[in-house]
Amino acid sequence: MIGIRTKVNSRSVSISLKAAERAIERAALDGGLRAAQRLRDTIRDHATRRPGPEVVTGDYWRSWKIRRVGSTVAGVTSWSVYSEDPAVLPLEFGRVGAPPFPHIFVSIDEARDGIIADFGSGFRKLL
């Protein structure tokens with residue numbers, strides 16, 4: 001009979017798991033941020049082609065921002081791409097007497113594959 005005995009240093013395993021957890025968290029944060037930046041930039045690109053009084057000033061373009069939402073302590077972090085400009089909804093969906101100028105949902109569709117790739121590249125670095 002052959003027996004194999006193993007001894008595991010639980011402190012060492014614990015440290016390794018914590019390091020792996022931090023690396024995964026960083027990859028998720030980096031991938032999420034890159035995805036949010038890609039979406040914001042795509043929306044901005046579409047917004048520059050829209051009609052309106054702020055085309056020359058760039059105020060609407062600059063109004064698109066990224067904000068980190070959530071906490072990595074809880075294990076959940078997301079990124080929000082948003083604009084507080086009151087013209088967002090009237091431009092996207094139109095208003096009485098003015099046609100819509102869709103630029104948000106078009107941007108989401110256009111950026112989808114790149115967003116998935118951004119997340120994937122972050123996690124591939126771990127392998």
Side-chain angles (χ1 to χ4, degrees):
M1 173 182 239
I2 298 175
I4 299 174
R5 186 195 279 182
T6 60
K7 183 176 181 182
V8 176
N9 180 338
S10 62
R11 185 169 190 270
S12 173
V13 170
S14 175
I15 290 170
S16 295
L17 290 175
K18 287 190 186 302
E21 180 184 1
R22 282 193 301 275
I24 290 168
E25 212 170 71
R26 266 194 315 277
L29 284 172
D30 291 348
L33 177 58
R34 281 195 304 277
Q37 289 168 333
R38 179 185 297 273
L39 179 58
R40 181 206 54 205
D41 294 347
T42 305
I43 291 171
R44 283 178 168 179
D45 180 52
H46 282 277
T48 59
R49 299 183 220 149
R50 71 167 181 78
E54 297 173 358
V55 170
V56 177
T57 66
D59 289 343
Y60 184 74
W61 185 90
R62 277 191 299 278
S63 75
W64 285 96
K65 297 180 175 47
I66 298 171
R67 173 177 48 217
R68 184 172 158 187
V69 181
S71 164
T72 55
V73 174
V76 177
T77 300
S78 61
W79 297 92
S80 176
V81 177
Y82 70 99
S83 172
E84 294 175 345
D85 193 300
V88 171
L89 292 178
L91 279 169
E92 184 71 14
F93 300 108
R95 62 182 105 174
V96 176
F101 186 78
H103 57 293
I104 299 168
F105 292 107
V106 171
S107 298
I108 292 169
D109 289 341
E110 185 179 306
R112 181 176 290 121
D113 291 340
I115 288 170
I116 292 168
D118 289 336
F119 276 107
S121 68
F123 287 106
R124 272 192 295 282
K125 291 176 186 175
L126 297 174
L127 303 176

Discussion item. Can you give me the closest heavy-atom contact between H103 and H46, atom names plus distance?
Written reply: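 So the minimum-distance heavy-atom pair works out to CB-CB, 3.7 Å.
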Practice prompt. Could you tell me which non-hydrogen atom of W79 sits nearest to which non-hydrogen atom of L29, and how far apart they are?
Written response: NE1-O, 3.5 Å
Any link between [X] and [Y] through a network of hydrophobic side chains (Ile, Leu, Val, Met, Phe, Trp, Tyr) touching at under 4.5 Å?
{"X": "I108", "Y": "I116", "answer": "no"}
{"X": "V106", "Y": "F101", "answer": "no"}
{"X": "W61", "Y": "Y82", "answer": "no"}
{"X": "L91", "Y": "L89", "answer": "yes"}

Worksheet item: salt bridge (Lys or Arg N to Asp or Glu O under 4.0 Å): which pairs involve residues 107-122, sequence neighbours left out?
Response: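 Listed by first then second residue: R38-D118, D109-R112.
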Treating [X] as the side-chain partner and [Y] as the backbone partner, does any N or O pair qualify as donor plus acceptor under 3.5 Å?
{"X": "S83", "Y": "D85", "value": "yes"}
{"X": "R40", "Y": "V81", "value": "no"}
{"X": "E84", "Y": "S63", "value": "no"}

Worksheet item: How many angstroms lie between atom OG of S78 and atom CZ of R68, to the nearest 0.5 angstrom?
Response: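 S78 atom OG to R68 atom CZ measures 9.5 Å (nearest 0.5 Å).
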Worksheet item: Got a sec, which residues hit side-chain contact (heavy atoms from CB on, under 4.5 Å) with R95, two or more places apart in sequence or on another chain?
Response: P90, A98
Worksheet item: Do W64 and V88 come within less than 4.5 Å of each other through their side chains, counting heavy atoms only?
Response: yes
Discussion item. If we count only N and O atoms by modelled type, under 3.5 Å, do the side chains of S107 and T42 hold a donor and an acceptor together?
Written reply: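 Result is no, nothing qualifies.
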